[in-house]
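Quantities reported herein were computed from a predicted structural model and do not represent experimental measurements. The analysis underlying the following values was restricted to heavy atoms, covering all of them including side chains, and did not include hydrogens, waters or symmetry mates. Residue indices begin at 1 and follow the sequence shown.
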Amino acid sequence: MVEFRIDRRSGVAPYVQIARQVEQALRLGLLMPGDQLPTAREVVAATAINPNTVLKAYRELDRAGLVEARPGLGTFVRRSLARPGAAADSPLRAELAGWAERARAAGLDRDDVSALVTSVLDECFGGAPPGGPYATHSTGNATHHANTTDHIHHADEGTG
């Protein structure tokens with residue numbers, strides 16, 4: 001089960017944040033086909049957002065073919081986005097976590113690290129972040145990218 005975190009200061013609509021967090025959990029293999037998403041009532045209790053916001057996020061994920069609503073049962077994952085090497089327990093993730101710790105020890109804050117990582121990703125993969133219907137959200141002249149790694153918690157990891 002995924003526990004959602006909403007950053008009200010991000011400028012990103014809460015429904016987009018929920019959809020991004022589900023997409024990221026799918027990419028990391030934290031959610032697999034057949035897994036049930038939290039009910040709207042559970043998300044509302046945990047995040048204090050409007051139930052319609054949760055339902056809108058789930059509808060968007062359904063339209064993207066990632067989940068399916070089963071009347072009277074809930075919303076379930078339809079397909080995974082996980083790729084080999086991208087799992088939450090992969091050696092690449094462990095290397096990245098070590099690098100992030102070194103960056104923090106060197107005095108970089110979250111925004112510094114984010115800018116550095118974005119710069120390297122742009123160099124390696126080209127300008128814009130990879131597809132996915134929730135990759136970016138524009139507000140005015142700025143484009144905000146989701147950084148949801150710290151916002152996804154797998155229930156059996158004991159975080160929250």
Side-chain (T118) to main-chain (S114) donor-acceptor, under 3.5 angstrom: yes
What pair of heavy atoms forms the shortest contact from D7 to Q17, and how long is it? N-OE1, 2.7 Å
What distance separates L31 CG from R78 CZ, expressed to the nearest 0.5 Å? 15.0 Å
To the nearest 0.5 Å, atom CG of L61 lies from atom OH of Y15 at 11.0 Å
Connected via hydrophobic side-chain network under 4.5 Å: L96 and V113: yes
Would you give the length of the straight line joining atom CD of E42 to atom CD of E3, rounded to the nearest 0.5 angstrom? 11.0 Å
For the student: nearest non-hydrogen atoms of N50 and V44, plus distance: C-CG2, 4.1 Å
Kindly check if the number of other-residue, nucleotide or ligand heavy atoms within 6.0 Å of CZ (R8) is above 12? yes
Answer with yes or no whether the hydrophobic clustering places W99 together with L121; edges join I, L, V, M, F, W, Y residues whose side-chain heavy atoms lie under 4.5 Å apart. yes
Backbone of L73 reached by a side-chain donor or acceptor of Q36 within 3.5 Å: yes
Does some side-chain heavy atom of I6 sit less than 4.5 Å from a side-chain heavy atom of I49? yes
Charged N-O contact under 4.0 Å between R104 and E101: yes
Distance check, rounded to the nearest 0.5 Å: T47 atom OG1 versus F4 atom CZ? 9.0 Å
Roughly how far, to the nearest 0.5 Å, is the CD atom of Q21 from the CG atom of L30? 11.5 Å
All heavy atoms of A57 vs all of A19, minimum pair found to be CB-N, 4.2 Å
Check: R79 and L26 side chains under 4.5 Å, non-hydrogen atoms: no
Indicate yes or no for a side-chain donor-acceptor contact from D112 to the backbone of D109 under 3.5 Å, with no hydrogens or angles considered. yes
L55 versus A40, closest heavy-atom pair with distance: CD2-CB, 4.0 Å
Could you tell me which non-hydrogen atom of L81 sits nearest to which non-hydrogen atom of E23, and how far apart they are? CD1-CG, 3.6 Å
Does V117 share a hydrophobic cluster with L108, counting links as ILVMFWY side-chain heavy atoms below 4.5 Å and allowing steps through other members? yes
Taking the side chain as C-beta and beyond, is there a heavy-atom pair between I18 and V54 under 4.5 Å? yes
Taking atom CZ of R70 as the centre, does the number of heavy atoms from other residues, nucleotides or ligands within less than 6.0 Å exceed 12? yes
So CG of N52 and CZ of R59: to nearest 0.5 Å the spacing works out to 7.0 Å
